[in-house]
Number of protein chains: 2
Amino acid sequence: MKNTIRKERKKEIISGMYELSRREGLENVSIAKIGKHLGMPPSLVMHYFPNKRLLILGLIDHILHQYQLIYKPIISKLEKNPRVDPELLVERLFSREWNLLFDDGVFFSCYAFIFRDQSIKKEYKNLHVKLRVTLKNLLDKDEVLVSGDTGLLAEKIFVVIEGAYYYLSMMDEAREYDQKLELFKNQVYDLIYAEINRIQSGKGMYSSGG
Amino acid sequence: MKNTIRKERKKEIISGMYELSRREGLENVSIAKIGKHLGMPPSLVMHYFPNKRLLILGLIDHILHQYQLIYKPIISKLEKNPRVDPELLVERLFSREWNLLFDDGVFFSCYAFIFRDQSIKKEYKNLHVKLRVTLKNLLDKDEVLVSGDTGLLAEKIFVVIEGAYYYLSMMDEAREYDQKLELFKNQVYDLIYAEINRIQSGKGMYSSGG
DNA sequence: TTTAATATTGAATGAATATTCAATAAATAA
DNA sequence: TTATTTATTGAATATTCATTCAATATTAAA
């Protein structure tokens, strides 16, 4: 099938672009460099991606797909348990196995596009909403939590996770990194336990909760 | 003084660069464009910033300085109160007055550099640590909170703020934005009230706090 | 005023940029 | 097999890029 080679070539080009961005930074990647990296003339790159914007959109699709994949094994392992084990949940959500698979530099370079490209903004948003829904569904499996506001809890958890990675990316020393990481994990624990407490005491003890 | 004109010219150039980055995106800014924008030959730009890296470092300095300035009036207003009013604190920390003064697009474009430039990473980190220390000092003024772990509380509050702005930047509709914003504000309230409760009950009710 | 340092200009550089085009090779459909 | 579509090549385009340089203007120090 002709479509096969086309799809594979496009994948190959985007993967090459991603590798280059990782090494040299997105701002230093050009069509010629991508071609050289893959051993093809720049005109072939442009045959599949007629302009640079499409190339960037392709890269973003790729990255967001990867980003989603990272959470898949984490979620699927958690899904096997009948109840939500807060400790396990937090451990998995903050696990940085993916650091080897995923480059935050490219991710944030692309993230910056959301401020001047509406369609990129939408793509980013969709992913982030999707992750929250997945977590909500997971929380809903817990017999206690299900009677609370799991959607709200998922939002609260993810805002900590995302804020944490934004901040943790600035850390150099492993010790400091681990220390802060522990702190944010605790912060998520507290969110879960507070929600459980709220449900079991039948009434909100704090201001939040709808 | 000769140094005066030099400093002012450098400022002028960086400001021009910032304006251009805001309008067209950092990746589309060139030395020639900066010169054109300011009515000076590119060679003059390079007289003050002998290469592009220095220009980018200058821009980042500028942005981080601006970012810090945003918090200044917020903090100074809060400092006048003898006790910490959680509602006022949260309202001010999440106030988006600065949106008119500050461009998140340029900020995140520059943020992406931390992953490949150690000195930029350090600069970003310094600023973020500084903001946390400022908040801690503010919390220490409160007669109740001072006997708790205000440093920890400040970390927890900022991770929500930063995660919130990362996520909120993806929102298009004002209603959705406001709704999420409210949610994250509540999340910060809860952190403060939980800490107050913890102190007043003399003992941690959750796992955190040490 | 003379001297030295800095500010500013404008022209020139070669390399890299995205993109176009015509030509050929390969694969598929008729 | 022939016709047609797609894949691939390589050369060419004008433009923009960061950077250099020599020449001049301005300012401050002697």
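Since we're looking at a predicted model, the values are computed, not measured. Quick note: numbers below take in every heavy atom, side chains included, and nothing from hydrogens, waters or symmetry partners. All chains are named by letter (A, B, ...) in the order of the sequence lines, taking the proteins before the strands, and each is independently numbered beginning at 1.
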Separation of Glu27(A) atom CD from dA18(D) atom C1', in whole Å? 15 Å
Among dA7(C), dT8(D), dT19(C), which nucleotide sits nearest the side chain of His47(B)? dA7(C)
Which nucleotide in dT8(D), dT19(D), dA7(C) has an atom nearest any side-chain atom of Ile5(A): dT8(D)
Given dT8(D), dA18(C), dG10(C), the nucleotide with the shortest approach to the side chain of Leu44(A): dT8(D)
Give a yes or no answer on whether the side chain of Asp103(A) reaches the backbone of Arg22(A) with a donor-acceptor pair at less than 3.5 Å. no
Roughly, in whole Å, what's the span from CD1 in Ile31(A) to P in dT19(C)? 5 Å
Atom-to-atom span, NZ of Lys36(A) to C1' of dT9(D) - whole angstrom: 17 Å
Check whether any side-chain N or O of Arg9(A) sits under 4.0 Å from OP1 or OP2 of dT8(D), and answer yes or no. yes
Please tell me whether Phe108(A) and Tyr124(B) form a close aromatic pair, meaning their ring centres lie under 6.0 Å apart. no
Starting at CG of Leu38(B) and ending at C1' of dT8(C), how long is that distance when rounded to a whole Å? 14 Å
Nearest-Å distance for atom pair CZ/C1', residues Phe49(A) and dT17(C): 19 Å
Phosphate OP1/OP2 of dA7(C): any Arg6(B) side-chain N/O under 4.0 Å: yes
Assign Ser43(A) to base, sugar-phosphate, or nothing according to its heavy-atom contacts below 4.0 angstrom with the strands shown. base
Identify which nucleotide among dT8(D), dA18(C), dT19(D) has an atom closest to any side-chain atom of Lys52(A), counting heavy atoms from C-beta outward. dA18(C)
Test of ring centre spacing under 6.0 Å for Tyr165(B) and Tyr111(B): no
Protein-nucleotide distance (Lys33(B), atom NZ; dT17(C), atom C1'), rounded to Å: 12 Å
From CG of Leu54(A) over to C1' of dT19(C), roughly how many Å is that when rounded to an integer? 13 Å
Of Leu153(B), Leu139(B), Leu152(B), the one forming a side chain to side chain contact (heavy atoms under 4.5 Å, CB included) with Glu195(B) is Leu153(B)
Under 4.0 Å between a side-chain N or O of Ser30(B) and OP1 or OP2 of dT16(D)? no
What is the nucleic acid contact for Tyr48(A), judged by heavy atoms within less than 4.0 Å: base, sugar-phosphate only, or nothing? sugar-phosphate
If you check every side-chain atom of Met46(A), which of dT19(C), dT8(D), dC17(D) has the closest atom? dT19(C)
Short side-chain to backbone donor-acceptor contact, Asn81(A) and Val84(A), under 3.5 Å: no
Between Asn28(B) (CG) and dT17(C) (C1'), how many Å, whole number? 12 Å
